[in-house]
Structure formats: structure tokens, C-alpha cells
Amino acid sequence: MKHIIIGNGPAGVVAAETLRRLRPEAEIALIGDEAEPPYSRMAIPYFLQGNIDAHGTHLRKSHDHFATHGIHLIEGRVACIDSAVKQIQFQSGERLHYDKLLIATGSHPVRPNIPGIDLANVHTCWTLDDARAIAAKAKPGSRVVQLGAGFIGCIIMEALAARGVQLTVVELGDRMVPRMMTPQAGAMIKRWVEAKGVAVHVNTAITAIERNGDALRVKVGAGGTALDADLVISAAGVRPNVDFLAGSGVEIGLGIRVDRGMRTSVPDIYAAGDVTEAPGFHSGAPQLNAIQPNAADQGRIAAINMAGGNAELQGSLAINVLDTLGLISTSFGHWQGKGDGVELVDEARFRYLSLQFEDDVLIGATCIGWTDHVGALRGLIQTRTKLGAWKARLKADPTQFMAAYLATAPKAA
Amino acid sequence: MQKSLHIDANKCTGCLQCEMACSYENYGVFNPSRSRIKVFNFEHEGRKVPYTCTQCADAWCMNACPVDAIRIDAATGAKVVNEATCVGCKVCTIACPFGTINYVAETGKVQKCDLCGGEPACAAACPTGAITYVDADWTGFDKMRVWAAKTDTAPRAAA
Amino acid sequence: MGWTRKILRVDLTNGTCKSEPLNMEWAQQYLGQRGLATKYFVSEVDPKVDPLSPANKLIMTTGPLTGTAASTGGRYSVVTKGALTGAIACSNSGGFFGAELKFAGWDMIIFEGKSPKPVYLSIENDKAELKDASHLWGKTTWQTEEIIKKTHQDPQIRVCSIGRAGENGVLYACIVNDLHRAAGRSGVGAVMGSKNLKAVAVRGTLGVSGIKDFKAFLAATAAGKKVLAENAVTGQGLPKYGTQVLMNVINEIGALPTRNHRDVQFEEASKISAEAMYEKRPTDGKTHLVTNAACFGCTIACGRISRIDETHFSVVNKPEYWGASGGLEYEAAWALGAANGVGDLEALQFANMICNEDGMDPISFGATVGAAMELYELGILKKEDIGMEAPFGSAKALCELAQMTAKGEGFGKELGLGSARLCAKHGRPELSMGVKQQEFPAYDSRGIQGMGLAYATSNRGACHLRGYTVASEVLGIPVKTDPLVTEGKAALVKAFQDATAVFDSSGLCIFTSFAWGLPDIQPQIAAACEGDWSLEKLNEVGERIWNLERQFNLAAGFTAKDDDLPPRLKTEPAKTGPAKGLVNGIDKMKPEYYQLRGWDADGRPTGDTLKRLGL
Amino acid sequence: MRITFKLFASLQDYLPLEARAKNALSLDLPEGTTLGQVIERFGLPQKSCHLVLIDGRFVPPAERATCVLHDGETLAIWPPIAGG
């Protein structure tokens, strides 16, 4: 049995390891398109900050991990899939046969359609190579303009600040991290990073980037305010890597459509991780969910099913954690809520807690300044624990969430 | 036979000797805020509940770790954070549905119960036998494990 | 070490918080907590000061073993000039607040002056600031703690606060921490209230790292814990039955003050005893007692957590009182019960909850109600004065008066001033059962002679926790002595008083002394604290503290005349029990005690004594 | 002769069920019965008989074996306990 996994991020690596555990005899190939051992993008900010070297970003630390597990690493870029004959074709033209195929190709940064986005010293921050380039250019005192204050933009902010740059962030949305934080929370994060010396412009677009001698000039907003910059970092979000699937027959929406078993529309082809649109935990409808723990879960489930097991995703649940210059925020599930929730705000001390309910079940949460036991919020959401009397208590005092969890969740077993 | 921490909340008086023992064992200081076992107080029920990592089989924290910083201790079965490898990304803290792996701002790393290498300090310090370290078969954590399985997006069939 | 070496000085008048180093020379002479804070207090405050004036100070203080793994190492004390007594006051409390203060890096907080408006002190490690408390004023201690934790979004904050009693000038208002632990006696909460200080909220994440020799300390504390575990009292009796187990004993030996000390035995004692807490109620089939509970670090866990009968008249339609809560402890059960002739356990628990919720010392409150009931039975107080009928034994009056006193309503205003002022106002000062205007606790000194001397000479007014000779005279700890004789009691009282001062200065709970002597705590202190902490030195420290407190009281205007008992105990013999026909022999014991103390006939330490103690 | 026999705290368990609520039992004893004989009859462990009181007066351990009870007396026993 030949298992091929395209993509060596967390979903691919976890899938490969799971397959090996379940099918000791199978052939397993793991394909990556960068000249690096499998590494984690989550670790890039720490690499950029200089806390770790490249090895510190590697998903597995021992040099022979994949060899000892009989996982064959291949460097190459897959051009297309010929599902009729169960083959993949590399850009080099070389073909490989598979019995089961997993697509875990992840996503790539969006390149916004802005004049000048292709100029030198305009970078995305997605790969280790990107990080190396930024590290070389982000010197103390450098003027850096960052396009986008989404998740990726926020997690590299600390690294840039630590490098001593003058940072300006321009975000199209009405607040920071609009896709994972409530308006209150986004505003609080903005206030925090501004106090730490980062200039933040929201509700504003970068309209053009121009060369200005050795430097760049960034035009902002309709009025065309200009910002001088030595370096521009584009962090405008990511899109699934699905272009190579044209003609494969694999059904694609925004990402690859999969069922709860991570099966695509084509037999023996599975998908996992950022590239997928899996059924949402609350809606059941296909949704993109480009986060690390989700990728690892999906990789495992896909592998179990490829090995002949029968595993199902409970539904893809959005969970996020951010550290913006020391302010830690998290959001879980349907944090936007459905109109039945409670919100605690302490502007002075940068603490925030929002819990959202449907009937007596927690469906979403957002926290700032909370680090202890926040995983229990996921536990409550994911187990759909009926809170009973604890719902009223939580609405009166949401800080009691851990007590509510202990009182209700283990009993739900 | 691997052993597990067994917690009998009915015996807990809430003295926090376990929290002091844990913080001393790991950081050389009496500091409940850095304890990996926490005693929760249900004031109006008169109930105190010590709570820590169940060392669940398919560890959420371990699977979610992007840099391989959480490994299984072969001797105890504990899922152990390697501080040198941990980059402090906190992904495990939101992945663990039990809320038992937590970020420590002082160190910039996460911490969780590691069973003290097989001699849990909390169990040794507990004056009432509310926390004991026993053969895994008998532990009251079974119930939690069942629940853990339910939480698991991975199915029972896989186990 | 053992100390954090840092003091927080809070100027309430000007709203400032400043850190200053601990005086280590004094620490070597006074150890910590009660002793050390008293040294600061007497060095900084005019003894003649009006306790409720801005010139009085209030010190919250931990000991060197507070916040450590030593069993019971979670205590803190409040030192001030008592609002009830005008004497030096030092009230000690367990719970978790003290340890948290230590974890935040503070040995003590000195509050000075008076805030122009209600404030609370918020401490997060080395960050301390006064915050507006106008939204907390008028709230109970329970509400205050809940609101602070919620607004700070931190369920792990520990809070001590005053309730409405402390705001309303109840002279025996206490400071409540962790919902039902209290620095209970002498009106320290009234002093706090007079300063417009509503609460102190602490979060400490620094921990205690300053232990001189961790290895030796862990060995010493482990040895100590073993002694506690193996001792029948601390290992079995206290956790199972709590302090209330004394109710039947003290009644049986004829020393349970009943109906304002008219009687020495209470016919309904067994209904309010520890054993009764285990009885299933006919109404709901549940026992009153829910569980025992520990304070920080305590391996004894004597605390009672109980649940009131939801059908009881006091709480019908009041679900806020239906949850489990602290109580009953022996002293509260006695003061709210036997002292008033009330044998209704549920009523006692309700009144006790009111005391916790609004911050009143249940001993002084209960005993004051006892005095009021006697005045009522004598026809001196009328139904119209009190607003209800209030004969001995009225559970209804007890519950009603508790709420009125806490809220400062009607006759509750008068009750809030304590029995001495109440009885004086109505022309019968001799009916106030106390010393230095502070009410007696739960032992009648006609049946336990040594306690008469302990009460009379207690520096904070009548109190059992300054020299608990009951341990020896009744319970046989460490050796049994005869409670009915005066011989040998002067020495016994002095020994208990000095040793207690050491326990109270260490951060440990005095209840360990049921199993431990100074030789058991000495190695724990010596391993934690730098300097010489030999047994001899500890004994000397205890005696030094006692004399320092005495000096303050003398300077405040107290004299030997104030070391006395009310006439009832000296002239009205006990009517029943083993002490039948006996009065207390205070006049026999006192001269011997003064002599043993090295005091002159007027109760003043002689020059030699002061010199010997370095005072 | 009749005496009242009281057991408290953990010693309650040595009383017949119906007497436990009141901690007390009325005993009909032959004249001359000693305190020690009562302790033995109820199987009370010696070390648990810490506070032994006759009519509220303490009987030291050494005297218990020979201490003769009299009609109308109350014998009350506690294990080691304390409070405060």
C-alpha cells in the first residue's frame, strides 16, 4: 500500500506518523516544496525574534526522525493529480503512483492587488526564507510598514518590535484581528500595541507602494497620506493552495471540500489542514479554518481513515491564541455569539472576557489577559456541555468558567 | 503497570499543601500561582477539588505542539514539556480541552504536570490522602478519560 | 529570611503607597506578625490616641512562616488600638489572605490617616494602589469580595474587608477574609471603617523563596506535620468535630457561661454541640455539617462548613443563605447560643452568617445580646426600647438583632457599642461580662480558675487566645491541672501567654499548640529565619512582646484596676456543677502573677524587667 | 444503683444506637461497680478515655480502676479533644 502525502506541515507530518503507527508495513512518502525539513510556521515569529534558530522551528527535532519511522521525505512541487490512474505528477514531470493520497498543501499568503506590491523590500512573512530576509532588513530604527493586522500580522509584531524597528500597521478592517476578536477586544489590543509604540491605522487601505530612493513610500487611505518605509511586510491573509488540483476532479470551494472523515469528492483522495473546507463545528457547513491544532487533528483523522479506520471530525472549531507584545488573547468557537452572552471589560488593566451561549451551552468565548485554564473553554464548547444552573452563574460572573467546567463537564461523561 | 494520580475530592480540605509542594518541586519556591495542580473551591457546596493533567492517551497538547516540545516520558507515561524546545506559542493551552497546560509569563514557556518523574510531590504532601499515586487501573480518572474520548475529535474506533 | 523584608506604607489621607525596608533589627527581637507589628505600632502611635481618629494606625501583618509549607502557615494579624477596648489590639486570622499578601512580597501593610472617601487597596505583587470604593460602601463582605474578583477578572484574588458593621461604627466590627475567616476581636474592623478603608485585595504570584535553609526547613516542617497527624487531638478530634466539641465538655465541668453568666451550665448545650452538627435534621434529612475545611497550609483542618435548614424561620425565602458557609465554631456557638440561652442550632448559624457577612465579632455581639436580654428580664430595657420581646432563649430576637446591629438600625445601634457601654448607659455597668470593655469568651472563670487571671491580664481585653489555660485545666494539654484551684495558675497563665505570643508572631496557628510545644516550632523558625532562634531566645521574645503590649496599655491609661473581673464572677458563686459555691480567686492569683512577671504591685514592669527584656 | 453514662465525640459509637442522639444512657449497675469496670464493659479503648469525669470532676487515670461509682452520679468520657 502506497500512501502519499503532499505537504509537510503539521497536518502532513501528523498524518504520516499516524499512518506509520497504524500501518507498520505501508510505504509512506511526504512531499514538501521548500528546501527545509518539515517546520512550523507557528514558530517563525520566535525565529524572527532570534529566540530560536532554524532547528527550533522544526516539527520534529531528531535528525533521523522521519528515516527511523520509514517516512520517505521528498522535496518537490506537485503540478497536478491524475486521479483516473492514481498518480501525481511533479513539476519536473516525474510521476508517482498512490493507493491513498492526502493533500495537506496548506495555504499561501494573499498578495493584495496594490501597485508596487512586487517591489524589492516588500515581503510576505510566511516561510523561513521570508523570515531570514526580513531579519536581514529589519534593523533597529528601520521604518517598517505592515499591511494587515490579522493573526499573522499580529504574531510577528512582537518579533519586529523586539528588533527595534519603528512599526506602523495598516489594517483594512475596523479593528485589529477582526476575524478572531470582538470589537471590544480588538480595540483593547490596538490600545495596547499603540501604548507599546506601534502606530496602528484601522479602516484604512494601502493604496500604493512606490520607490523613494533606497526606501519606499507607502500611500495610505483615500487621501493618500504617505508613509516612508525601509521595509513593507504584507500580511493580508492566506488562501488554500489548490491551484494544482485543476482538472483532478476534487471538489473545491474556497478550499478542498471534505466530509467529516476528511475524504474529498474523489475516492482515495483525502485532505487535511489549512487547505480544506471542513464542516464547521456549529454550522456543519464547509468552512476554512487555518489554525495549527485543527491541522494536526485533521491530519490524524485523515490518516486513520486512509489506514482503513473510521474516524470522524466533530466539526472544525475555530480556536486562536495571540500574543501581541505581551498581551495574550484567545478566542474560541462562535465567539461572535448569537445574542446571548456576557462581556466583562477592564480597560485599565487590559483584561477582557466574553462568553457566548446558545440555550445553556457555551458556543464561543474571547479572552484577553487570561492564560490560566483557558483550554477549558474549548472543553466546554466542544463537549456541548449543558451548563444548567451554571449558565446563570456565568452570566453573573463569567470569571467562574473554570469552576463551571469542573462542575459540569466531567459529569457529562 | 503505569501509575496515575488519583484524586478523591471528598478528602480534600483545601489546605493547598499540594500547590506548595508542586511549586517547590519545580521552581524551588512556595508559590501556588505556579503550581501545576490547582485546588478549586466550590464555596457554596463546601467542596474542594484538586485538579491537574490526566495525562490523556492521545494528548491534545502534544499533538498540537508545533515544535515537538511535548514528549511522552517512557517510564511514567507523563506528557512532558521540554522547556528548551518550547517556543511559548501557547497553541497547546487552547488545544487542551481540560485547561491543564498553562502559559507562564515569567518563563515564556508553558507548564503542565509531569508526574515529577514518577514521585509526584503533590501526592507526597497531601495530608488527607485526597491525592494519591496509584496503579492506573483503579483511578477515578477513568471517568475523565471517557469524557476525554468524547471530547476527542478522533473517534473511539481509532483507539 | 523568612521575611520578605518589605513593608507597604499606605497614607490614606494623601492616597499614597510606599515601600520601605523591614527593620531587621526589630525582626530579630520580635520575630514577626504580632510581635513585630506591635513594635512598629507602639513606636509610631501615641498611646492616648482615639482609636477611631485618623491618628490611629492599622497594621496588617504576616509572620516569617506565613506562606510557607509549614502546617498552618497562613496566618496574618491586624494590630491597632482597639475600638472596643482602647487597648492594644491584635486580631489573628487564617484563611488565605495572609499567605497571598506574603506571596505578593509584603511582610506588612501600615495604614495611616484617613481617606477622604471610601477606598480599597489593590495589591498585585509590588504594585499597590488605592482605588475608589464608593461602589463597595454599603456592601457586605461577601458582596465586596465577589465584586472585586469580578471587576479585576481574577478569581484568585484574596480579599479582606469590612462589612456594614465596620462602616456603621459597630465597636466590635471585625475584618473578614475569604468569606468566613476573621480578624475577629477588639474592633479592628471599626478602626478600618473609621479610615474609610473598605477592603484590601491581594494577588501575589512571587511566592516565598526567602527561606534560610530549604532542606532543613522541609525536614522540620515535615516532622511537625507528622506530630500533628499522629496526635489524637490535631489528627482526629479537631478535623472530625472542630472546636465545637468543647460545648459538652465545658458544660459538663460547669464552666459554660449561660444567660450572661447567671448560670454555668446550659440545659440545651447538647443541642448546639459538635455532636449535634452530625445529627440528621427531621426537616430535610441532612446534617447541619457539610464538611471540614482547612485554612492555607493547615494539615489539621478544624474549620466547619455547614448548611442551614432552608425551612428555618430565619432564612425562609432567603436563598442567599442556603449555600454552605463557615461555622459554627465553638466560641460563636457559645456566644450566640448559651450566652443568650438560645438552643436553636439553625438560629445560631444564621446569626453567625450575619456576623461573617457584615463583619462582626460573634463573641462580643452574642455576649452583648446576652447582656441586653438580662436588662430586658430585669425590666430595665422594655419591649419598646428593643423593638421586640427579648427574653433569654429567644432565637427570633437573636436573629433579628444580628441584622439590626449589622445594618445599624434601631436598637442595633446601641448593641453595636458593646455590652460595657450598653450596661453603663442603663445604669448597670456591672452586668457587662468582660474585661477592658471586651466581652468574655466561652469559659466561666468560676469553673476554670486560671482563665479568670488570663482574662483579667489579657492585653487586648477579655480573651481566651492570649493564654488558653483551658488546655491544661480542662483538656489535659500538655498536663492536666485542677480547674477549681488557684494554686499554680499564675505561672501557668504566664507560660501560656508568653508561648502564645511566639506562636502568634510566627505565622502559625495557635491550634498547633494542642500538639506542638515551642520545641516543635523552634526548628521550623530556625530553618526559615536568619539569626539565632534558640528556644531560650523564643521564650524571651514571647515575654518581650507581652511586656511591650503591657507598656502600651499602661501608657494608654490602663492600670492594675483594669486587670479585674466583673463583680458577678467574684461574688456570685456558681450555682451548679463541680464549681458550685465557687467564685473566681483573681485577687489571690494576681499578686503572684505580677511578681512572676517582674512587675510591681501596680502592675508596672520594674526597671530590671524592662532592662532584662531590652525594652 | 442508677448512673448516667455519657460518651462524646468519637466515643459515641460505643453507645447503643438509640442513646447516641443524646450522648447519654441510664445504667443500672450493681453497688460497688468501679469506673474501670464500666469502661471495660463498653469496650472503650483505654487510650481513647482521655477526659473521664464524674459529675464534671476529672478522675486521673491512676484512680480509674478503683474509683467506685455511686447512685445518681454522671460518668462522662471524651477521647482527646480540644477547641478554642
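Letters A, B, ... mirror the listed sequences (proteins, then strands); counts begin at 1. Because the structure is a prediction, the values reported are computed rather than measured.
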What part of [X] lies closer than 4.5 angstrom to a heavy atom of chain D: side chain, backbone, both or neither?
{"X": "E252(C)", "value": "both"}
{"X": "K240(C)", "value": "neither"}
{"X": "I510(C)", "value": "neither"}
{"X": "I477(C)", "value": "side chain"}
{"X": "V249(C)", "value": "both"}

- Query: How far apart are the C-alpha atoms of R2(D) and S26(D), what are their side-chain angles, what is the distance that settles it, and do they pass the side-chain hydrogen bond (donor to acceptor under 3.5 Å, both in side chains) test?
  - Reply: CA-CA 7 Å; R2(D) 288 201 87 78; S26(D) 180; 3.0 Å; yes

- W516(C)/V227(C) under side chain to side chain contact (heavy atoms under 4.5 Å, CB included): CA gap, chis, key distance, verdict: CA-CA 7 Å; W516(C) 290 351; V227(C) 171; 3.7 Å; yes

Atom group of [X] that falls short of 4.5 Å from chain C, counting heavy atoms:
{"X": "K22(D)", "result": "neither"}
{"X": "N23(D)", "result": "side chain"}
{"X": "F8(D)", "result": "both"}

- Query: Hey, what do you get for OG1 (T481(C)) to CD (Q449(C)), rounding to the nearest 0.5 Å?
  - Reply: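 T481(C) atom OG1 to Q449(C) atom CD measures 11.5 Å (nearest 0.5 Å).
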
- Query: What distance separates T72(C) OG1 from L228(C) CG, expressed to the nearest 0.5 Å?
  - Reply: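 Going from OG1 on T72(C) over to CG on L228(C), the span is 7.5 Å.
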
- Message: Are there over 12 heavy-atom neighbours, none belonging to K580(C), within less than 6.0 Å of that residue's NZ?
- Response: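 For K580(C), atom NZ is not crowded (no more than 12 foreign heavy atoms under 6.0 Å).
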
- Looking at Y278(C), F511(C), F514(C), W334(C), which one has more heavy-atom pairs under 4.5 Å with chain D than the rest?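 Of the candidates given, the most pairs with chain D belong to F514(C).
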
- Among T243(C), N248(C), L465(C), single out the residue with the greatest number of heavy-atom pairs under 4.5 Å to chain D.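 Top option by heavy-atom pairs under 4.5 Å: N248(C).
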
- Item | Sole candidate of D444(C), N584(C), V493(C), V470(C) that passes side-chain contact (heavy atoms from CB on, under 4.5 Å) when paired with M451(C) |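 Single side-chain contact (heavy atoms from CB on, under 4.5 Å) partner of M451(C) among D444(C), N584(C), V493(C), V470(C): V470(C).
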
- Item | Most chain C-contacting option - heavy-atom pairs closer than 4.5 Å, from T74(D), L51(D), L53(D) |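 Most heavy-atom pairs under 4.5 Å with chain C: L51(D).
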
- Message: Check the orientation of H464(C) and Y443(C). Use parallel for under 30°, tilted for 30 to 60°, and perpendicular for over 60°.
- Response: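 Because their plane-to-plane angle lies in the 30° to 60° range, the rings of H464(C) and Y443(C) count as tilted.
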
- Task: Answer whether the closest heavy-atom distance between the side chains of E346(C) and H288(C) falls below 4.5 Å.
- Result: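 SC-SC contact between E346(C) and H288(C) confirmed.
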
